[in-house]
Amino acid sequence: LKRHYAAKIRRIFVSICVITLAVFTLLHSMGMAWSQTGTHILSSLVYSTLIALPTMFFLKWVSVRYTDTFPRLITLMQVCILLFTSTAGCLAATFVLQLMGVFPRGVFWREFQSSIEFSIVITLILGMSTVAYETLQYKLQAAQFELRNKQVEQERAYKLLAESRLSSLESRIHPHFLFNTLNSIA
């Protein structure tokens, strides 16, 4: 249920980003001039989409696949993924925004340099916070599962104890019942 919910949230997020980006691109292609606020909103949307989506997929894939295999290196692997997706997303976003005409030609590297530091810091903070939350949630679920298993085992043990006491009482009662019955006949 939890995975289904997370997948649904991801699909909704991707859909919203793609639709919003398509609307902005359509409006711009129709000749609508960008205001400074509109440019900032569009830039933020493009940057967050092109950084967040690959980060979500790669981080989840590596965390699920390699946490048990490399438990001591998983944090380093996650930080490397965050750095890589932040840098690649920042490059892709700068390129897309230049293609859309938001940034004039010739300012690609200057725009990239001005946005990379901020995007790395934000990606690391949000990414590692999400990783910590997911790790704690996984550990909580594992502890709850273990507790349920122990409770089931304890209930089985109590049931076996009750059954053994009952059979012990039955074995004590049967000889006396037989002896008393034979005495009353004689």
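Numbering of residues begins at 1 and proceeds along the displayed sequence. The shown structure was predicted, so the numbers you read here are calculated from the model rather than taken from an experiment.
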Could you tell me if the side chain of [Y] sits less than 4.5 Å from the side chain of [X], heavy atoms only?
X	Y	result
V152	R148	no
Y66	L73	no
E117	V121	no

When you group the ILVMFWY residues by side-chain heavy-atom contacts below 4.5 Å and let the links chain together, are [Y] and [X] in the same group?
X	Y	value
F57	M77	no
I120	Y47	no
L83	I125	no
F70	V79	yes
W109	L99	yes

Residue pair [X] / [Y]: nearest heavy atoms and the distance that separates them:
X	Y	value
S119	T123	O-OG1, 2.6 Å
I116	Q113	CG2-O, 3.6 Å
I74	T67	CG1-OG1, 3.7 Å
Q78	S63	NE2-OG, 2.8 Å
T94	S115	OG1-OG, 4.3 Å

query: Between E134 and Y138, does any side-chain donor sit less than 3.5 Å from a side-chain acceptor?
result: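 No, because no side-chain N or O of E134 sits under 3.5 Å from a partner of the opposite role on Y138.
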Nearest-0.5 Å distance, [atom1] of residue [X] to [atom2] of residue [Y]:
X	Y	atom1	atom2	result
L59	T130	CG	OG1	8.0 Å
I51	L82	CD1	CG	11.0 Å
L166	L161	CG	CG	11.5 Å
L140	Q144	CG	CD	4.0 Å
Q137	Q141	CD	CD	5.0 Å
K60	I81	NZ	CD1	13.0 Å

task: Give a yes or no answer on whether the side chain of S114 reaches the backbone of E111 with a donor-acceptor pair at less than 3.5 Å.
output: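 At least one qualifying donor-acceptor pair exists.
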- request: For the residue pair F112 and F108, categorise the inter-ring angle as parallel (less than 30°), tilted (30 to 60°) or perpendicular (more than 60°).
  value: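 Answer is parallel, since the angle falls under 30°.
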query: Hey, is CZ on F95 packed in by over 12 heavy atoms from elsewhere, all under 6.0 Å?
result: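 No, not enclosed.
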- request: I would like to know whether T85 and M56 meet side chain to side chain contact (heavy atoms under 4.5 Å, CB included); could you show each step before the answer?
  value: CA-CA 9 Å; T85 56; M56 283 191 305; over 6 Å; no
task: Please confirm whether F58 and W61 have ring centers closer than 6.0 angstrom.
output: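 Between W61 and F58, which both carry aromatic rings, the centre distance is not below 6.0 Å.
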